Protein chains: 2
Amino acid sequence: MEKQTVTIYDVAREASVSMATVSRVVNGNPNVKPATRKKVLEVIDRLDYRPNAVARGLASKKTTTVGVIIPDVTNIYFSSLARGIDDVAMMYKYNIILTNSDENGGKEVQVLNTLMAKQVDGIIFMGNQVTDELREEFRRSKAPVVLAGSVDAQKTQPSVNIDYVAAVAEAVKSLIDHGNRKIAFVSGSMDQTINHDYRLKGYKKALKDAGISYDDKLVFETDYTYKAGQSLEPALAAAGATAAFVGDDELAAGVMNGLTDAGVSVPEDFEVITSNDTKLTELVRPKMSSITQPLYDIGAVAMRLLTKLMNNENVDENTVILPYGLMKRSSTK
Amino acid sequence: MEKQTVTIYDVAREASVSMATVSRVVNGNPNVKPATRKKVLEVIDRLDYRPNAVARGLASKKTTTVGVIIPDVTNIYFSSLARGIDDVAMMYKYNIILTNSDENGGKEVQVLNTLMAKQVDGIIFMGNQVTDELREEFRRSKAPVVLAGSVDAQKTQPSVNIDYVAAVAEAVKSLIDHGNRKIAFVSGSMDQTINHDYRLKGYKKALKDAGISYDDKLVFETDYTYKAGQSLEPALAAAGATAAFVGDDELAAGVMNGLTDAGVSVPEDFEVITSNDTKLTELVRPKMSSITQPLYDIGAVAMRLLTKLMNNENVDENTVILPYGLMKRSSTK
DNA sequence: CGCAAGATTGAAAACGCTTTCACATCAAAG
DNA sequence: CTTTGATGTGAAAGCGTTTTCAATCTTGCG
């Protein structure tokens with residue numbers, strides 16, 4: 001009992017016009033006499049005809065779907081971007097093929113290839129380690145690729161981000177202004193461009209501006225997980241830190257809770273400022289001060305930029321920088 | 001400078017075989033002489049041929065992509081399921097077209113239609129208000145549909161869930177066992193089957209078993225948002241509740257924080273137990289006691305079930321119920 | 001009324017692959 | 001050597017659209 005499918009041919013026959021005409025009305029081509037259009041529309045309605053997007057994709061070489069590579073949907077930072085991406089994608093009639101990469105280079109390359117095989121019209125990439133191999137795949141791709149909330153050391157791809165260096169510098173400066181001299185820098189892998197080339201740079205800049213010397217014993221490279229943060233307290237104490245800048249909200253929540261559990265009170269004895277301003281910052285107690293980022297917008301703008309690229313519209317600025325801010329909550333004085 | 005694409009025809013020509021043969025080696029069909037296979041493989045490699053999945057989809061009537069309808073990726077409960085879905089999808093070589101529905105009936109129907117137009121091989125639906133119209137769409141769909149972490153009053157679709165009635169009953173019973181008599185039931189819209197037909201039923205059952213009479217003043221119908229929970233304290237106090245069962249973790253975090261902010265200490269003065277065991281339960285302080293659910297597995301099993309359905313394998317049980325548990329943390333005594 | 005310029009339409013060729021069916025080949029058996 | 005049953009292979013017909021190009025209608029105008 002395979003369900004029967006109605007094709008454009010059936011409609012053409014029933015309406016006694018050609019497939020071409022049906023195609024025209026379906027696609028809103030204006031070169032159709034109103035009377036014919038009406039007739040065709042009626043048949044379409046009567047037969048409940050629904051165009052087959054795959055056939056259309058083959059014939060037109062456009063699939064109206066874009067690939068989205070995300071480290072992990074479960075991470076609120078990225079899912080917030082994804083939400084922005086999907087909303088504007090829908091607005092422009094695109095669909096999203098979403099795949100988790102775990103920031104695993106091999107998987108990323110593989111995923112990229114299957115996306116290209118599926119003939120996506122464009123790709124949005126999230127992830128902060130653009131390997132040479134990956135960059136090579138981007139280049140060979142006929143579909144435009146834009147990075148969202150993600151940086152590439154060689155700035156070769158269109159991207160949407162905030163000014164991480166300035167944001168981190170400002171965040172760290174606020175810590176310094178509160179009298180802290182030993183400020184920990186806590187983040188994920190230093191292999192990630194965003195940590196190594198941006199955040200750390202901002203951190204160093206703030207220190208330098210304040211005349212504090214940089215000490216790599218205060219740099220903690222760890223996982224972006226709650227657990228990792230939670231178990232950091234002893235190390236933080238050992239290093240004599242009195243405050244910390246943290247590169248991820250979940251990680252920061254871990255750090256804070258680990259501190260609190262160890263009897264260190266935040267922000268009195270230890271200040272914490274985090275990076276992403278996800279809703280986690282409001283859930284934990286004390287609420288976390290954070291760099292603020294227009295998460296949804298980063299995704300939305302990235303997708304919007306991608307639509308332009310896919311349309312071959314020329315864009316004035318390929319790498320867009322959105323504004324950031326600083327939100328003081330209760331994890332800092 | 002359109003990038004040139006290599007087709008199966010090019011490979012056939014270069015290898016001096018027919019397209020059929022190339023197709024066979026690409027698809028691992030065993031009826032190819034090893035020598036020919038080798039020859040073809042070499043050409044494929046040399047020309048860097050990548051099969052066009054759209055053309056393949058048109059010819060074979062299989063797209064190896066499934067649609068996933070999710071209320072909001074940003075909600076950790078659902079994104080956890082989505083992660084499970086994507087992982088097993090990848091395992092079985094499927095891709096995921098992900099769309100947010102906001103549990104908006106109209107949008108759901110529309111999305112469903114575009115998914116069907118894209119010829120997805122199957123659909124995973126998350127959302128708890130299956131309207132008649134939606135159910136009708138499911139029925140007319142030639143692709144199988146399975147519900148993940150979502151229930152339909154008419155149990156007509158394959159689905160993967162836990163036993164919500166029993167789980168809630170048990171959770172509420174634990175609250176009763178701690179001496180509470182006035183237990184609030186806090187959840188999202190009562191229009192949602194899961195709240196109305198399952199959770200509330202479990203709640204009532206627990207009350208009844210304990211000989212406590214049901215009082216609808218203790219039922220709080222609200223949004224699934226942190227904010228909604230946070231502002232609930234006055235109402236909770238007014239109703240004289242000393243404990244609450246909450247249907248969503250983010251909402252529960254709000255409730256708890258609202259309580260705490262109002263000077264009510266949890267769990268001493270007020271106990272809270274939540275439903276989804278997402279990572280939020282561990283982030284907040286006190287950590288939240290919760291019904292535990294195998295979130296990732298619900299998604300994974302749903303996807304696995306879908307693969308079987310797509311293959312027309314016959315499955316013994318269309319509606320699978322996964323085990324739940326109760327995790328005592330610090331928001332209950 | 002005649003004609004050029006649009007405005008509408010249709011025929012048919014792609015699009016890049018899978019799949020059916022028939023044909024050719026080959027090794028083993030008689 | 002034939003015969004036979006596998007085994008390998010190719011030709012060609014789809015799959016359901018879009019799109020090009022030419023053909024056919026309509027108009028407005030002189």
Side-chain angles (χ1 to χ4, degrees), chain A residues 2-41 43-44 47-65 93 114 116-121 142, chain B residues 2-41 43-44 47-65 93 114 116-121 142:
Chain A
E2 260 308 301
K3 314 203 182 179
Q4 190 57 51
T5 76
V6 179
T7 73
I8 199 175
Y9 178 78
D10 299 319
V11 176
R13 180 169 32 71
E14 289 290 306
S16 21
V17 298
S18 72
M19 290 163 42
T21 299
V22 178
S23 176
R24 289 194 186 94
V25 349
V26 168
N27 294 296
N29 183 315
N31 299 344
V32 181
K33 190 158 47 168
T36 344
R37 179 187 308 281
K38 179 151 176 291
K39 183 173 59 175
V40 171
L41 250 16
V43 175
I44 285 180
L47 302 189
D48 193 27
Y49 165 67
R50 293 127 178 261
N52 179 323
V54 172
R56 189 197 300 246
L58 181 58
S60 70
K61 295 174 165 299
K62 298 221 160 301
T63 54
T64 62
T65 105
K93 315 276 190 207
T114 98
M116 288 165 52
K118 296 229 164 156
Q119 312 297 120
V120 295
D121 296 337
K142 61 174 69 169
Chain B
E2 262 306 301
K3 313 202 183 177
Q4 190 58 51
T5 76
V6 180
T7 74
I8 198 174
Y9 178 77
D10 298 320
V11 176
R13 179 169 33 71
E14 287 292 307
S16 21
V17 297
S18 71
M19 289 162 44
T21 298
V22 177
S23 176
R24 289 192 186 94
V25 348
V26 167
N27 294 295
N29 182 316
N31 299 343
V32 181
K33 189 157 49 167
T36 332
R37 177 185 310 281
K38 180 151 177 291
K39 183 173 58 176
V40 172
L41 251 14
V43 175
I44 286 180
L47 303 189
D48 193 27
Y49 165 67
R50 291 128 178 262
N52 178 323
V54 172
R56 189 198 300 244
L58 182 57
S60 69
K61 295 174 164 297
K62 299 221 161 299
T63 54
T64 63
T65 106
K93 314 276 190 207
T114 97
M116 287 165 51
K118 296 229 165 157
Q119 314 298 117
V120 296
D121 295 336
K142 61 175 65 170

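Quick caveat: nothing in here was measured; it's all calculated off a predicted structure.
At least one side-chain heavy atom of Arg56(B) sits under 4.5 Å from a side-chain heavy atom of Val26(B).
The structure places CD of Gln119(A) at 7.5 Å from NZ of Lys61(A), a figure rounded to the nearest 0.5 Å. To the nearest 0.5 Å, atoms CG (Asn29(B)) and CG (Asn31(B)) are separated by 4.5 Å. Leu58(A) CG to Asn52(A) CG: the interatomic distance, rounded to the nearest 0.5 Å, is 10.0 Å. In this structure, the separation between OG1 on Thr5(A) and CG on Asp48(A) is 11.5 Å, given to the nearest 0.5 Å.
Separating the CZ atom of Arg37(A) from the C1' atom of dA7(C) is a distance of 13 Å, rounded to the nearest angstrom. One interatomic measurement links the two molecules: CG of Asn29(B) to C1' of dG10(D), which rounds to 14 Å at whole-angstrom precision. Per the geometry, CG belonging to Asn31(B) stands 15 Å off P belonging to dT18(C), to the nearest Å. Between the NZ atom of Lys118(A) and the P atom of dG16(C) there is a distance of 18 Å, given to the nearest Å.
With Leu41(A) as the fixed residue, the side-chain contact (heavy atoms from CB on, under 4.5 Å) test singles out one of Lys39(A), Lys38(A), Arg37(A): Arg37(A).
Where the helix from dC1(C)-dG30(D) to dG30(C)-dC1(D) starts and where it ends, the local axes point in directions that differ by 40°; five pairs per end, rounded to 10°.
A donor and an acceptor atom, one from each side chain of Lys118(B) and Thr64(A), are located under 3.5 Å apart.
Although no hydrogens or angles enter the test, the distance criterion places a donor-acceptor pair under 3.5 Å between the side chain of Asp121(A) and the main chain of Thr63(A). When atom types are taken as modelled, the side chain of Asn27(B) and the backbone of Ser23(B) share a donor-acceptor pair closer than 3.5 angstrom. With hydrogens and angles disregarded, no donor-acceptor distance shorter than 3.5 Å links the side chain of Thr36(A) to the backbone of Val32(A).
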- Message: Output one letter per nucleotide in nucleotides 14-21 of chain D: B when a protein non-hydrogen atom lies under 4.0 Å from the base, S when only the sugar-phosphate is that close, - when neither is.
- Response: BBBBBBB-
Between protein and nucleic acid, restricted to nucleotides 22-27 of chain D and to nitrogen or oxygen atoms under 3.5 Å apart, what atom pairs and distances do you find?
none

